[in-house]
> 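I have a structure here, written as structure tokens, and I will follow up with some questions on it.
Computed over heavy atoms, backbone and side chain alike; hydrogens, waters and symmetry mates excluded. Read the numbers this way: they start at 1 and go in the same order the structure lists the ligands and their atoms.
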Amino acid sequence: MIKDLVIKSRSYRRFYQETAIELETMRELVDLARLSPAAGNVQPLKYILACDPQRNALIFPHLAWAGYLKDWPGPDEGERPSAYIIILGDREVSRSIDCDHGIAAQSILLGATEMGLGGCIIGSIQRRGLQKALDIPSRFEILLVLALGKPRERVVIETVGTTGDIKYWRSSDDIHHVPKRPLDEVIIG
Ligand SMILES: Cc1cc2nc3c(=O)[nH]c(=O)nc-3n(C[C@H](O)[C@H](O)[C@H](O)COP(=O)(O)O)c2cc1C
């Protein structure tokens, strides 16, 4: 079952934008992150939730989408995320954040998948611009943005071929293909 969930939990970048996500749903997702492992159990992560069109519109321009899809600038109006969770590091709790935000992000995405939603971790963020747009105090460092919504695209996993190319790609039938390295390549001993 966990394998089914992990396989289903792909990076989705096109959504039914009009399908709203309730604030309570977003809070449930952050609760999964809150209950996840934290280095030294220090728990320096904080979250900003956005699930209304006005706030979403402030966030979207600061994100970069699918770097390997050179001809695709990102989701069009109508297929953009209906919600975002911004993961922040609270510098007053800890100066250095380990890999807590990655774990938190995966907990949230697995939870979203179980709810029939989907999303994408965005690390390529114009941080200064987003900090200003949302008036985020400087004690909070923007670590990741999670884009969320009801997925509007098909994503399939395949095995990395003999060329070793790991770049995801989109076929003419609009399916997003994600090559994964084979198990025997990643287990080295
Ligand atoms: C730390 C991290 C940062 C990422 N940043 C971006 C990003 O800025 N923009 C984007 O479109 N996808 C981003 N992704 C999504 C990856 O491109 C995606 O995970 C990868 O292509 C594999 O696809 P999959 O998640 O469906 O397995 C990021 C993923 C991770 C884990």
Side-chain angles (χ1 to χ4, degrees), residues 2-15 17 29 32-33 36-39 44-45 47-48 50 56 58-77 79-89 96-131 133-134 141-161 163-171 173-183 185-186:
I2 181 68
K3 190 167 182 186
D4 292 339
L5 196 62
V6 169
I7 288 174
K8 203 170 162 200
S9 181
R10 302 269 54 83
S11 292
Y12 294 101
R13 300 179 177 87
R14 289 179 293 176
F15 305 92
Q17 189 173 336
L29 291 173
L32 298 176
S36 297
L45 300 183
Y47 303 86
I48 290 176
N56 290 349
L58 293 176
I59 297 170
F60 179 80
H62 303 284
L63 310 178
W65 298 86
Y68 293 144
L69 305 182
K70 296 290 174 211
D71 300 329
W72 188 66
D76 271 335
E77 186 61 47
E79 58 179 21
R80 291 181 182 165
S82 28
Y84 297 94
I85 295 175
I86 303 175
I87 306 181
L88 307 164
S96 68
I97 317 279
D98 220 286
C99 55
D100 299 25
H101 44 304
I103 296 169
Q106 181 68 346
S107 292
I108 289 171
L109 288 181
L110 289 174
T113 302
E114 194 187 52
M115 293 172 178
L117 301 169
C120 188
I121 299 174
I122 307 280
S124 184
I125 308 160
Q126 292 169 19
R127 287 179 167 74
R128 218 171 292 163
L130 183 57
Q131 196 112 18
L134 295 187
E141 179 188 356
I142 297 173
L143 299 170
L144 291 170
V145 174
L146 305 183
L148 295 165
K150 186 171 169 234
R152 195 184 188 153
E153 66 179 343
R154 229 187 112 202
V155 179
V156 294
I157 293 178
E158 37 200 54
T159 305
V160 170
T163 61
D165 192 356
I166 47 70
K167 292 191 186 78
Y168 49 78
W169 56 287
R170 202 173 279 170
S171 46
D173 53 4
D174 229 19
I175 295 174
H176 185 89
H177 301 254
V178 183
K180 295 286 182 189
R181 297 188 196 279
L183 192 58
E185 182 185 328
V186 298

> Donor-acceptor pair, R80 side chain versus P75 backbone, under 3.5 Å?
yes

> What residues, two or more places apart in sequence or in another chain, satisfy side chain to side chain contact (heavy atoms under 4.5 Å, CB included) together with E153?
Y12, R13, R14, V155, R170, H176

> More than 12 heavy atoms of other residues, nucleotides or ligands under 6.0 Å from CD of E158: yes or no?
yes

> Quick one: does R181's side chain have a donor or acceptor within less than 3.5 Å of a partner on G164's backbone?
no

> If you round to the nearest 0.5 Å, how far is OG1 of T113 from CG of D4?
12.0 Å

> Write down, by chain and number, every protein residue that brings a non-hydrogen atom to less than 4.0 Å from an atom of ligand 1.
R10, S11, R13, A64, W65, A66, C120, I121, I122, G123, S124, Y168, V178, K180

> Has D100 got a side-chain atom pairing as donor or acceptor with A38's backbone, closer than 3.5 angstrom?
no

